[in-house]
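Please read the structure below before turning to the comments.
Owing to the predicted nature of the structure, the values given are computational and were not obtained by experimental measurement. Lettering of chains follows the sequences in order, A, B, ..., and the numbering in each one begins at 1. Just the heavy atoms: all of them, side chains too, but no hydrogens, waters or symmetry mates, feed the values below.
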There are 2 protein chains.
Amino acid sequence: MDNVKELKVMLKEKGYKLTPQRRAVLNIIMENPGKHLTTEEIYDLVKVQCPDIGLATVYRTLQILDEMDLIMKINLDDGCSRYEYNVHQDDHEHHHLICTNCGKIMEVNEDLLDSIEAQIEKDYDFTITDHKVKFFGLCSTCR
Amino acid sequence: MDNVKELKVMLKEKGYKLTPQRRAVLNIIMENPGKHLTTEEIYDLVKVQCPDIGLATVYRTLQILDEMDLIMKINLDDGCSRYEYNVHQDDHEHHHLICTNCGKIMEVNEDLLDSIEAQIEKDYDFTITDHKVKFFGLCSTCR
DNA sequence: TCTCATTTAATAATCTTTTTCAAATTCTTC
DNA sequence: GAAGAATTTGAAAAAGATTATTAAATGAGA
């Protein structure tokens, strides 16, 4: 997502229009790699550039950016949705390490599940298209 | 969890009392293995035996049963919490296969992550205590 | 049985997310 | 660049899940 024109084309393919609000929301997410921003955090950050934006617009925009695979929705079981920029533009999200003591979130960038997925597809007659994996435990600081 | 006496002892260890409502909620979950019941579904089923139970009591009971590792909370990203009986009484839940077409949920009973976890613990200096794994895709019927 | 802390049902409150709707904006066509 | 049709927006209300409050009821030990 280098420029605005590209975003405009992608939106148009789905029948959506390019608005300053949509541009601002995507910008905020792209400017915060690895941050796992909550909707509320995104709303607060977007309001700096876009003071009149409504929370509902942020929710709506996050939905369509997720649908377009530009961003990824993350559920960390803490009661709110989080989002991050989908760098690889694929539909396999990376895995997350979540420290149950301090709440720090780390990312596992390698995709280690390939052999396991092949095994499951065979054993369970199931075609896997995506996965979500979270590891809970203690980070080096908290241990 | 064979009998009431055992539940009573386990509750007492945490300073809780045994009530008919708590017994009924656990019974419903034990009677529906592999069903991934939502809180609302549990509420409806419990009301058969326990017509006056309040929804808040179901929520509270599910919390303490989860805390006691008697049941397991499952988040399938569909906007509500689900629960199932923790057969193995350990803190590692099994993995879930979720059909994105029909919504069917299957379980992967083997724990296939051991070698991956060892790798991550070494690479990321992180002590893993639990994991949550969901595979999304198409079941044999929908494919 | 008595006592006291816990638990309950009902209700209100909270929190996140979605819907509604009139006004504003985008994009296409001229 | 203006006009028109459809989409999008902000504000507020609504919805849905979960939690907190509170007086009354109940459980468990003495």
Side-chain angles (χ1 to χ4, degrees), chain A residues 4-28 36-68 71 73-83, chain B residues 4-28 36-68 71 73-83:
Chain A
V4 177
K5 206 166 288 178
E6 202 175 331
L7 174 58
K8 189 169 178 176
V9 170
M10 294 188 69
L11 285 164
K12 198 170 138 189
E13 279 171 9
K14 299 250 181 187
Y16 297 128
K17 293 175 178 175
L18 178 62
T19 67
Q21 291 90 338
R22 288 176 178 168
R23 223 162 51 192
V25 169
L26 181 57
N27 270 340
I28 289 299
H36 313 95
L37 299 171
T38 66
T39 307
E40 208 71 36
E41 286 167 346
I42 293 167
Y43 176 53
D44 289 339
L45 288 168
V46 169
K47 268 200 293 196
V48 176
Q49 286 185 17
C50 223
D52 291 334
I53 196 171
L55 182 55
T57 299
V58 174
Y59 273 100
R60 281 182 296 233
T61 301
L62 291 170
Q63 266 179 0
I64 71 169
L65 293 178
D66 185 32
E67 173 193 334
M68 292 164 63
I71 62 175
K73 188 175 188 169
I74 307 164
N75 186 330
L76 258 26
D77 295 313
D78 60 352
C80 58
S81 296
R82 294 165 181 276
Y83 293 89
Chain B
V4 176
K5 206 167 286 176
E6 203 176 328
L7 173 58
K8 188 169 177 174
V9 170
M10 294 188 70
L11 284 165
K12 199 170 134 188
E13 278 171 11
K14 299 250 181 183
Y16 298 126
K17 292 177 178 174
L18 178 62
T19 67
Q21 292 90 337
R22 288 175 179 170
R23 221 162 52 194
V25 168
L26 181 56
N27 271 338
I28 288 299
H36 315 94
L37 299 171
T38 65
T39 308
E40 208 72 32
E41 286 166 349
I42 293 167
Y43 176 53
D44 289 340
L45 288 167
V46 169
K47 268 199 293 196
V48 175
Q49 288 185 16
C50 224
D52 291 334
I53 196 170
L55 182 55
T57 299
V58 175
Y59 273 101
R60 279 182 300 235
T61 302
L62 291 171
Q63 265 179 359
I64 70 170
L65 293 178
D66 185 33
E67 174 192 334
M68 292 164 66
I71 63 174
K73 188 177 189 169
I74 308 165
N75 185 330
L76 258 27
D77 295 314
D78 60 352
C80 58
S81 295
R82 294 164 181 277
Y83 293 89

Q: Measure from CG on D78(B) to C1' on dA15(D) and round the result to the nearest Å.
A: 16 Å
Q: Take C50(B) and K17(A), find for each the nucleotide of DNA chain C with the closest heavy atom, and name the residue whose nucleotide sits nearer the 5' end.
A: C50(B)
Q: Just grab all the side chain to side chain donor-acceptor pair (under 3.5 Å) pairs involving residues 49-59 of chain A, residues at least two apart or on different chains.
A: T57(A)-R60(A)
Q) Which of these nucleotides, dT26(C), dA9(C), dT19(D), is closest to any side-chain atom of P20(A)? A) dT26(C)
**Q.** Along DNA chain D (nearest heavy atom to each residue), the more 5'-positioned of R22(A) and K8(B)
**A.** R22(A)
**Q.** Spacing of L37(A) atom CG relative to dT16(C) atom P, expressed in whole Å
**A.** 15 Å
Q) Y83(B) has an atom OH; how far is it from atom P of dT18(D), in whole Å? A) 7 Å
Q. Using a cut-off of less than 4.0 Å, is there contact between a side-chain N or O of Q63(A) and OP1 or OP2 of dT17(C)?
A. no
Q.
Counting C-beta onward and ignoring hydrogens, is there a side-chain heavy-atom pair between D66(B) and L62(B) closer than 4.5 Å?
A. no
Q: Output the single nucleotide from dT7(C), dT18(C), dT18(D) whose closest atom is nearest the side chain of S81(B).
A: dT18(D)
Q. Among dA20(D), dC27(C), dG27(D), which is the nearest nucleotide to the side chain of A56(B)?
A. dA20(D)
Q. What's the CD-P distance between E40(A) and dT18(C), to the nearest Å?
A. 13 Å
(Q) Any non-hydrogen side-chain atom of K47(A) less than 4.5 Å from a side-chain atom of D44(A)? (A) yes
Q: Give one of base, sugar-phosphate or nothing for Q21(A), where a contact means two heavy atoms less than 4.0 Å apart.
A: sugar-phosphate
Side chains of residues 10-18 of chain B: which donor-acceptor pairs under 3.5 Å do they make with residues two or more places apart or in other chains?
unit_1 : atom_1 : unit_2 : atom_2 : d
Y16(B) : OH     : E67(B) : OE1    : 3.2
Y16(B) : OH     : E67(B) : OE2    : 3.3

Q: Report the distance from atom CG of L18(B) to atom C1' of dT8(C), rounded to the nearest whole Å.
A: 14 Å
Q.
Does a side-chain N or O of Y59(B) approach OP1 or OP2 of dT19(D) to a distance below 4.0 Å, or not?
A. no
(Q) Nearest to the side chain of T19(A), heavy atoms from C-beta on, is which of dT18(D), dT9(D), dT8(C)? (A) dT9(D)
Q | Value in whole Å for how far the C1' atom of dT8(C) lies from NZ of K47(B) | A | 16 Å
Q: Classify the side chain of R60(B) versus the base of dA9(C) as yes if they form a donor-acceptor pair under 3.5 Å and no if they do not.
A: yes
**Q.** Separation of atom OH in Y43(A) from atom C1' in dT16(C), rounded to whole Å
**A.** 14 Å
Q.
Measuring to OP1 and OP2 of dT17(C), would you say a side-chain N or O of T39(A) lies under 4.0 angstrom away?
A. yes
Q. Could you walk me through whether E40(B) and V58(B) pass the side chain to side chain contact (heavy atoms under 4.5 Å, CB included) check?
A. CA-CA 9 Å; E40(B) 208 72 32; V58(B) 175; over 6 Å; no
Q: May I have the distance from L11(A) (atom CG) to dT25(C) (atom P), rounded to whole angstrom?
A: 19 Å
Q. Which nucleotide in the set dG29(D), dT7(C), dT8(C) lies at the smallest distance from any side-chain heavy atom of K12(B)?
A. dG29(D)
